[in-house]
Amino acid sequence: MTDTRITIRRPDDWHLHLRDGAMLEGVAVHSAAHFARAIIMPNLVPPVVSGADAAAYRERIMAALPDGATFEPLMTLYLTETTDADDLAAAAASGLVTAVKLYPAGATTNSDSGVRNIDNVIPVLERMAEIGLPLCVHGEVTDPDVDIFDREAVFIETVLDPLRRRVPGLRVVMEHVTTGDGVDYALSGNDDLAATITTHHLMINRNHILAGGIRPHYYCLPVAKRERHRQALRAAAVSGEQKFFLGTDSAPHSVETKENACGCAGIFTATNTMSCLAHVFEQESALDRLEAFTSLNGPAFYRLPANEERISLVRGDSPVDYPPSIETGAGPVVVFDPGVTLYWRVEDLGERA
Ligand code: NCD
Ligand code: ZN
């Protein structure tokens with residue numbers, strides 16, 4: 001078989017965890033290899049809450065990148081009930097901060113400083129609506145009485161929809177949608193509403209986590225749902241619709257914290273995301289819409305130019321060679337196992353083409 005090749009604008013990752021310290025040192029190179037820019041999640045310990053925190057974290061990311069890397073971290077602030085609207089507006093005006101992240105307190109990894117009572121952040125959200133600064137939302141309720149598989153749908157109905165009505169003009173990204181309900185709600189909104197979809201939610205459903213043994217490396221939040229939801233996500237991702245774009249949610253945790261009686265949530269996909277996505281889009285006969293999902297729709301929502309550089313995805317005869325895990329100073333991190341053999345490899349074309 002001869003190689004099949006598609007060439008697309010260099011992709012961006014609109015939801016990424018780079019961590020800090022030794023983990024950052026170990027993982028940054030993997031995102032920088034394929035992606036031009038990424039929205040950097042602020043859920044460090046302690047979280048990135050002020051413009052000064054974001055500036056310092058940005059410096060640490062730049063220092064962790066390999067020489068010659070052109071990767072641009074797009075910084076976010078972690079919204080708390082004491083966020084200072086003036087500090088936030090100044091960080092946005094200077095170009096330092098691209099978005100603000102809303103974590104309901106307790107919803108996921110390092111979300112303890114998140115929002116307990118939405119009423120307390122309304123003035124900040126109104127300011128964001130005024131200046132057009134997007135709010136990235138982790139859309140799950142934390143009520144222990146709500147089943148974990150229903151938490152996204154309940155959040156949309158009881159938190160997100162009322163919030164959007166209360167703060168008209170607020171630009172919202174529904175982060176890592178995992179359900180048909182999420183897809184439908186995103187589609188029901190105007191241009192102020194978009195949604196990211198992860199690589200892994202296009203490839204696994206909840207059986208992958210739980211059937212035939214518990215597989216901690218498939219555990220992330222929001223947790224993967226049933227097959228019909230995965231199908232809804234695939235349809236949305238390959239549709240070309242502007243509202244949907246890639247946010248890998250690549251979230252490295254060391255092996256020992258994943259393979260644990262209380263394992264951490266998060267899947268590390270930075271290494272093989274583009275190979276996985278080409279596989280998915282090929283399966284869906286939609287390779288011509290991969291570029292919209294990875295390289296066009298995100299910049300359009302964030303009002304940034306699309307990247308000028310190109311990459312090619314080349315389907316060869318032999319499987320793509322990537323390590324099952326990577327070494328970091330914070331311990332080994334397992335790379336997402338898509339459960340299928342991948343044949344699409346990335347070729348960097350730089351400014352050529
Ligand atoms: C993320 C992490 O590990 O920081 N985990 C995850 O399962 N996705 C947090 C998040 O985005 O929910
Ligand atoms: Zn995340």
Side-chain angles (χ1 to χ4, degrees), residues 12-21 23-24 26-28 30-31 35 38-48 57 61 73-79 98-115 134-142 148-149 151-152 155 160 173-179 182 195-204 206 208-210 214-225 233 245-260 262-270 273 298 328 330-331 333-336:
D12 301 303
D13 184 350
W14 301 97
H15 181 133
L16 175 65
H17 299 270
L18 283 180
R19 313 300 191 204
D20 213 344
M23 185 64 91
L24 166 63
V27 300
H30 292 275
S31 287
F35 295 95
I39 287 274
I40 309 298
M41 286 296 124
N43 63 332
L44 305 182
V45 188
V48 179
Y57 184 32
I61 294 169
L74 303 172
M75 307 309 292
T76 62
L77 294 185
Y78 186 122
L79 183 66
T98 304
V100 172
K101 176 78 187 213
L102 166 63
Y103 290 103
T108 188
T109 310
N110 302 338
S111 60
D112 294 349
S113 318
V115 174
L135 180 72
C136 297
V137 177
H138 184 108
E140 289 188 287
V141 291
T142 55
I148 191 164
F149 292 100
R151 287 182 181 188
E152 180 170 295
F155 181 89
L160 183 58
V173 183
M174 300 170 68
E175 300 273 83
H176 42 50
V177 285
T178 59
T179 57
T196 58
I197 301 176
T198 76
T199 310
H200 48 279
H201 287 115
L202 296 173
M203 300 191 88
I204 62 167
R206 64 195 200 178
H208 291 83
I209 314 170
L210 295 170
I214 188 159
R215 292 192 177 69
H217 296 290
Y218 287 144
Y219 175 59
C220 69
L221 288 170
V223 70
K225 308 295 190 303
L233 298 175
F245 43 89
L246 174 65
T248 65
D249 194 16
S250 182
H253 292 276
S254 68
V255 171
E256 65 174 333
T257 58
K258 293 286 296 174
E259 297 176 8
N260 191 293
C262 184
C264 290
I267 299 180
F268 178 67
T269 54
T273 272
T328 79
V333 173
V334 171
V335 175
F336 174 59

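For ligands, and for the atoms within them, numbers begin at 1 and follow the listed sequence.
- His138 lies apart from the Zn ion (ligand 2) in this respect, since none of its N, O or S atoms is found at a distance under 2.8 Å.
- Using bins of under 30°, 30° to 60° and over 60° for the plane-to-plane angle, the ring pair Tyr78/Tyr103 lands in the tilted bin.
- Residue Phe155 holds its CZ atom at 12.0 Å from OG1 of Thr179, rounded to the nearest 0.5 Å.
- Ring orientation note: the planes of Phe336 and Tyr218 are nearly perpendicular, at an angle over 60° on the 30°/60° scale.
- Of all non-hydrogen atoms in His208 and Arg215, the two that sit nearest each other are O-CD, 3.6 Å.
- Ligand-side atoms of ligand 1 in range of His176: 11 (O), range being under 4.0 angstrom from any heavy atom.
- Contact annotation: for Asn43 versus ligand 1, heavy atoms closer than 4.0 Å belong to the side chain alone.
- Side chain of Lys258 to main chain of Gly266: a donor-acceptor pair is present (N/O by atom type, distance under 3.5 Å, no hydrogens or angles).
- One finds the SG atom of Cys220 at 14.5 Å from the CZ atom of Phe268 (value rounded to the nearest 0.5 Å).
- Counting heavy atoms closer than 4.0 Å to ligand 1, residue Arg19 contributes side-chain atoms (C-beta onward) but none from N, CA, C or O.
- Glu175 places no side-chain N or O within donor-acceptor distance of the main-chain N or O of His15, the cut-off being under 3.5 Å.
- Residue contact check: Ala251 has heavy atoms under 4.0 Å from atoms 1 (C), 2 (C), 3 (O) of ligand 1.
- The N/O atoms of Tyr103, backbone and side chain alike, include none that comes under 3.5 Å of an N/O atom in ligand 1.
- Asn110 places a side-chain N or O within 3.5 Å of a backbone atom of Asn43 that can act as its donor or acceptor partner.
- Of the polar atoms of Thr108, at least one N or O is found under 3.5 Å from an N or O of ligand 1, judged by distance alone.
- The shortest N or O to N or O distance between Leu221 and ligand 1 is below 3.5 Å.
- Of the protein's non-hydrogen atoms, Ala265 O, 3.1 Å is the one closest to atom 5 (N) of ligand 1.
- One side chain, Thr178 or Lys225, offers a donor N or O that lies under 3.5 Å from an acceptor on the other.
- Near His138, the atoms of ligand 1 lying under 4.0 angstrom from a non-hydrogen atom of the residue are 12 (O).
- Ligand 1 has no nitrogen or oxygen under 3.5 angstrom from a nitrogen or oxygen of Tyr219.
- The distance from the Zn ion (ligand 2) to the nearest N/O/S atom of His176 is not under 2.8 Å.
- Partner of Asp13 under the side chain to side chain donor-acceptor pair (under 3.5 Å) criterion, chosen from Thr273, Thr196, Thr248: Thr248.
- Remark: minimum distance from atom 8 (N) of ligand 1 to any protein heavy atom is reached at Asp249 OD2, 2.7 Å.
- The contact set between ligand 1 and Gly266, taken as ligand atoms under 4.0 Å from a residue heavy atom, comprises 5 (N), 6 (C), 7 (O).
- The Zn ion (ligand 2) has an N, O or S atom of Asp249 inside 2.8 Å of it.
- Atoms of ligand 1 lying under 4.0 Å from at least one heavy atom of Cys220, given by number and element, are 7 (O).
- The closest protein non-hydrogen atom to atom 1 (C) of ligand 1 is His17 NE2, 3.6 Å.
- Residue contacts with ligand 1: His15 is included, with a non-hydrogen atom under 4.0 Å away.
- Looking only at atom types and distance, the side chain of Ser111 has no donor-acceptor partner in the side chain of Thr108 under 3.5 Å away.
- Looking only at distances, a side-chain donor or acceptor of His201 sits under 3.5 Å from a matching main-chain atom of Pro222.
- Contacts with ligand 1 closer than 4.0 Å are made by no heavy atom of Glu175, backbone or side chain.
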